[in-house]
Amino acid sequence: MLFLLITLLLFSFSNAAMDPDSVYRSFLECLPQSPESAEDISKVIYSSTANSSSYTAVLQAYVKNQRLNKPSTPKPSVIITPTTESQVQAAVLCAKKVGVQIKIRSGGHDYEGISYTSSDPDFIILDMFNFRQIDVNIADETAVVGAGALLGEFYYRIYEKSKVHGFPAGVCPTVGVGGHISGGGYGTMLRKYGLTVDHVTDARIVDAKGCVLDRKSMGEDLFWAIRGGGGGSFGVILSYTVKLVPVPEVNTVFRVIRTVEENAAELVHKWQIVMADIDDDLFIRILLQPVTVNGKKTSKATFISHFLGDSERLVALMTEKFPELGLRKEDCKEGSWIDTVLFWDNLDYKTTPPEILLDRHSDTVKFGKRKSDYVQTPISESGMKLIFDKLTELGKISLVFNSYGGRMNKIPADATPVPHRAGNIFKIQYSVNWNDPDPELETKYLNQGKVLYEFMTPYVSKNPRGAYWNYRDLDIGVMTGNGENSYSEGEVYGKKYFMGNFDRLVKVKTAVDPDNFFRNEQSIPPLAGKKSGESRKMTKGNSTFVSMS
């Protein structure tokens, strides 16, 4: 330990901007040399000066939003791609002593890119993509999933072993497990099984002291926090243990489109009422988009469904509960659960093999921006018509409505950090994508998002206006630096994301990371004035500590 302390202190720096090559050499010497050789260590550390081509390739590999990938975008001094838990532990300890901020990336889908950019002058990326081991155990219906695994990989590994098991998580296969689960997570089985975090039974995490903790050793407070409160505020997620869910052999999906001229506003209004107490096996998302039909600008609603059952039962259900949509059996497609995964990724599951889910780079990278809201009171028909008119006027941005109800009404708001449960009819995602890097277009489309968000104010939740953590949006508040204002700044966005759960998250943060080492532009802040020696010890039992001597 004496050798460790001396080594780390030798590479301490001031808060001034650091030379990337110096940071690279510091980490190269600081990370453990045994059992790995120095040559092996050099293969997981990348610098813009020492191995620039590899550095660029690794940095770009998981940048999913080109809006945050400009020449002017801040770049990390070093990227570390650990392959062992001891390397993760060492990276945390070295970053603390070197004095650089650490950003943690699993899949790179963070909508504001804060897993790979920073407002701090000196930062590194800890990229977890090597931690993608997946162990599916059908006998006890569990799986251990590395933080760097992608959802598509996880779904495929379940499919390999069972056709009647699935997992209730997101529809984009290239999203990283670590960020998705730690931020709450949801998918098309939301109304049947709740959120992704409702099925997490254990986790492994490296904390600010460099200790590897599981559920027993971290304690229930920290375990609660990393299931929806954002793992990057509390440590480095290594893996999650989750419980799989049963799915039928036959599932049904449909995609039905109606324009404003085909009564789209009336149908969306009715959808709100219908989905409140319809069969929990049914999930329907609606995309509201501006379009041009026969040279005329208008808007449309696309109803996209996943039903845990066959088409005959689905059509009967819709005929009874939502006849206005006019769903016919020929609109429906039956298939296995893995087929629905492909369908929701806009793939033809009749011709596309499931193995495509193993392709970690299959999605198209675009420029984009997202925002979010929750709706707790049905929007009137007249209100819906005004919303469609606004979409047509703006011309680019779209809305995504995700139905709630079902299981979500039965789970308490404080069961996990994600509070938006009962009382919410649906969640809104504001979505705008574009391909042209023209700065004027970026300004135009970002402004459309702000205009529409303001326009929607009368229709959405209030006091506070809710937001979804995994639809990251820096417009609603930002933490700057690591000063005394971190709590007051964090409270601005924290209350919107976590509502009444925010204060508990702050208490956990203060106990496990009072110095705010794990931080980003929207992380959980500690209480002001607390230092590491003053915080209440919340971990218990045994933890694993790395020796770098």
Side-chain angles (χ1 to χ4, degrees), residues 17 20 23-24 45-81 100-130 147-148 150-152 170 172-176 178-180 183 230 232 359-371 396-397 429-450 470-475 478-480 519-523:
V23 176
Y24 171 76
I45 308 177
Y46 301 89
S47 164
S48 59
T49 56
N51 43 14
S52 59
S53 60
S54 297
Y55 165 91
T56 300
V58 172
L59 176 63
Q60 300 293 335
Y62 295 99
V63 171
K64 300 297 184 181
N65 191 346
Q66 292 302 317
R67 178 170 67 86
L68 305 163
N69 190 31
K70 303 171 184 175
S72 60
T73 301
K75 303 298 190 296
S77 300
V78 163
I79 304 171
I80 301 176
T81 60
V100 293
Q101 184 187 28
I102 191 168
K103 290 298 189 86
I104 307 160
R105 185 167 73 172
S106 56
H109 269 271
D110 188 311
Y111 283 142
E112 296 284 17
I114 63 176
S115 63
Y116 52 86
T117 67
S118 180
S119 55
D120 278 26
D122 300 301
F123 73 102
I124 68 168
I125 294 175
L126 187 62
D127 200 317
M128 299 297 291
F129 68 80
N130 286 318
L150 303 186
L151 292 180
C172 182
T174 56
V175 167
H180 184 70
D359 183 353
R360 295 176 66 88
H361 303 283
S362 60
D363 58 339
T364 302
V365 178
K366 299 178 179 179
F367 298 84
K369 171 68 180 181
R370 302 293 187 271
K371 301 175 81 65
K396 181 66 174 178
I397 192 167
Q429 178 180 181
Y430 300 72
S431 175
V432 59
N433 295 326
W434 66 96
N435 296 320
D436 193 325
D438 184 347
E440 291 187 5
L441 281 181
E442 176 176 321
T443 299
K444 175 182 177 180
Y445 295 145
L446 293 181
N447 185 62
Q448 282 193 17
K450 294 176 181 177
N470 272 351
Y471 290 166
R472 186 85 72 178
D473 178 14
L474 294 183
D475 293 341
V478 174
M479 182 192 298
T480 56
R519 67 184 186 278
N520 57 55
E521 287 73 9
Q522 281 193 341
S523 56

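Please read these numbers as outputs of a predicted model, since none were measured by experiment.
- For the atom pair CZ (Phe367) and CD (Glu442), the distance works out to 7.5 Å, reported to the nearest 0.5 Å.
- One distance of note links CG of Asn130 with CD1 of Ile80; it measures 12.5 Å at 0.5 Å rounding.
- The backbone N or O of Thr81 lies less than 3.5 Å from no partner atom in the side chain of Asp127, so there is not a single donor-acceptor pair.
- In this structure, the side chain of Lys103 engages the main chain of Thr117 through a donor-acceptor pair within 3.5 Å.
- Taking the side chain as every heavy atom from C-beta outward, His109 and Cys172 approach each other to under 4.5 Å.
- Considering every non-hydrogen atom in both Gly108 and Ser115, the closest pair reads CA-OG, 4.3 Å.
- Taking each heavy atom of Pro76 and Tyr55 in turn, the nearest pair found is O-OH, 2.6 Å.
- Summarising the local packing, NZ of Lys444 is surrounded by 12 or fewer heavy atoms from other residues, nucleotides or ligands at distances under 6.0 Å.
- Rounding to the nearest 0.5 angstrom, the gap separating the CD atom in Gln429 from the CG atom in Asn470 is 10.5 Å.
- Distance alone, capped at 3.5 Å, is enough to place a donor-acceptor pair between the His180 side chain and the Gly170 backbone.
- Residue Ile125 holds its CD1 atom at 10.5 Å from CD1 of Ile102, rounded to the nearest 0.5 Å.
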Report task. Starting from the C-alpha separation in whole Å, work towards a yes-or-no answer on side chain to side chain contact (heavy atoms under 4.5 Å, CB included) for Leu59 and Tyr46. Result -> CA-CA 9 Å; Leu59 176 63; Tyr46 301 89; over 6 Å; no

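- Glu521 places a side-chain N or O within 3.5 Å of a backbone atom of Ser119 that can act as its donor or acceptor partner.
- Expressed to the nearest 0.5 Å, how far CG of Leu68 lies from CD of Glu112 amounts to 6.5 Å.
- The line from CD1 of Ile104 to CG of Asp110 is 11.5 Å long, rounded to the nearest 0.5 Å.
- For the pair Ile45 and Asn51, the tightest heavy-atom approach, listed with the atom from each and the gap, is O-ND2, 3.1 Å.
- Residues Phe123 and Pro74 have side chains in contact (heavy-atom distance under 4.5 Å, counting atoms from C-beta outward).
- One N or O on the side chain of Lys396 and one on the backbone of Asn433 form a donor-acceptor pair closer than 3.5 Å.
- Counting only heavy atoms from C-beta outward, the side chains of Arg105 and Val63 approach each other to under 4.5 Å.
- A salt bridge is defined here as a Lys NZ or Arg NE, NH1 or NH2 lying under 4.0 Å from an Asp or Glu carboxylate O, and Asp473 with Lys369 meets this definition.
- Proximity of Asn65 to Tyr116: side-chain heavy atoms (C-beta onward) are separated by under 4.5 Å at one or more points.
- Judged by distance alone, the side chain of Asp122 and the main-chain N or O of Val100 form no donor-acceptor pair under 3.5 Å.
- Here the closest heavy-atom approach between residue Ser47 and residue Pro20 is recorded as OG-O, 4.0 Å.
- Annotation: side chain of Ser523 is in contact with side chain of Asn520 (closest heavy-atom distance under 4.5 Å).
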